[in-house]
Amino acid sequence: MSRVVYVNGSYVPENEGKVSIFDRGFLFADGIYEVTAVINGKLVDYEPHAERLERSLNEISMAWPCSKAELRQMHEELIKRNKLDEGIIYIQVTRGSADRDFKFPKEAKSTLIGFTQVQKLLENPNAPAGVKVVTIPDIRWARRDIKSVMLLAPVLGKQRAYEEGAFEGWMVEDGKVTEGTSSNAYIVKDGKVITRPLSNSILAGCTRRSLFRMAKEEGVVIEERLFTPEEAYAADEAFLTSASNFVLPIVEIDGKRVGGGQPGPVVRKLREIYLDEARRQAGLK
Ligand code: PDD
């Protein structure tokens, strides 16, 4: 089935969804994006994504392309028009199209696009056995807290991970793990979850934020500090979080088995807690 996509106020068949070659997203990666999960045709954790979009836009002095209510309505309309049961919604805002000039254009109107992607989230095929990661150098810019569409470093990193038989690349800077190419990174040692604190060095994950709240309610201790790849090799468990994978166990890092090489009890519990909340928001329980 061909999808219906959103482009600047119109819903059109996907092969008719077009933007200008002068769009600054295309020429300069001058844009912001968000990815939100959908379960049972319902948005999961929509508010944190809308808040993060607002923050990213402010940080690069880009205006909202529409009202907040319109953005939510666009998400819901995409779900409806595509009969999306489970998957994600991708939205992107750019500074619009104008003659190529690095400075902000005076006249340009921002571009807003959105589309759906079908994906299994509750029954993620990678969840039961867990995934492998490899460490790679973090070659990104200094404002990773902004969810910018400038994703060449993550693209190269993910491809390298894939070529090495891994699902994700964990990026390393100054000897410490920052995050995955499109996910946040965690290890578990002696029952405690360890992850890097928020800063300009990583993206403030919406899944991370919700999981923190739920984990604390369940009495799971979270220690926000930097960790090295060596610490990760010796960890009891490891996992990643993102809107497109929720909580996903990691069983091997750089060819070294983590824990027993199987998803451990803490990550299995955290995945269950997260899925429970996602099902609740989706009206499935
Ligand atoms: N990526 N860190 C990075 C660099 C990311 O790109 C993402 C999300 C995350 C997790 O954030 P959240 O929990 O809000 O999804 C962390 C999305 C899924 C993507 O680019 O497809």
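Residue numbers start at 1 and run along the sequence shown. Counting convention: from 1, in listed order, for ligands and their atoms alike.
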*Asks:* Out of C206, S244, A185, whose heavy atom sits nearest atom 18 (C) of ligand 1?
*Replies:* S244
*Asks:* Check ligand 1 against N184 and write out every atom of the ligand that is under 4.0 Å from a heavy-atom position of the residue.
*Replies:* 10 (C), 16 (C)
*Asks:* Counting each atom of ligand 1 from 1 as listed, which ones have a heavy atom of R52 under 4.0 Å away?
*Replies:* 11 (O), 12 (P), 14 (O)
*Asks:* Just which atoms of ligand 1 are under 4.0 Å from any heavy atom in V35?
*Replies:* 19 (C), 21 (O)
*Asks:* Name the closest protein heavy atom to atom 15 (O) of ligand 1, giving the residue it belongs to and the distance to 0.1 Å.
*Replies:* A243 N, 2.8 Å
*Asks:* Identify, by atom number and element, the atoms of ligand 1 in contact range of E179, meaning under 4.0 Å from any of its heavy atoms.
*Replies:* 2 (N), 3 (C), 4 (C), 16 (C)
*Asks:* Under the criterion salt bridge (Lys or Arg N to Asp or Glu O under 4.0 Å), which of D101, D30, D99 is the partner of R24?
*Replies:* D30
*Asks:* Can you measure from CZ (R55) to CD1 (I32) and round to the nearest 0.5 angstrom?
*Replies:* 10.0 Å
*Asks:* Identify the protein heavy atom lying closest to atom 13 (O) of ligand 1, giving its residue, its atom name and the separation to 0.1 Å.
*Replies:* T207 OG1, 2.5 Å
*Asks:* May I ask you to list the atoms of ligand 1 that are less than 4.0 angstrom from any heavy atom of H49?
*Replies:* 14 (O)
*Asks:* Among F22, F102, F104, exactly one meets ring pair (Phe, Tyr, Trp, His ring centres under 6.0 Å) together with F28. Which residue is that?
*Replies:* F102
*Asks:* When rounded to the nearest 0.5 angstrom, what is the spacing between CD1 in I273 and CG in L211?
*Replies:* 7.0 Å
*Asks:* Counting only heavy atoms, tell me which of S183, A153, G205 gets closest to atom 9 (C) of ligand 1.
*Replies:* S183
*Asks:* For atom 8 (C) of ligand 1, what is the closest protein heavy atom, and at what distance to 0.1 Å?
*Replies:* K147 NZ, 3.3 Å
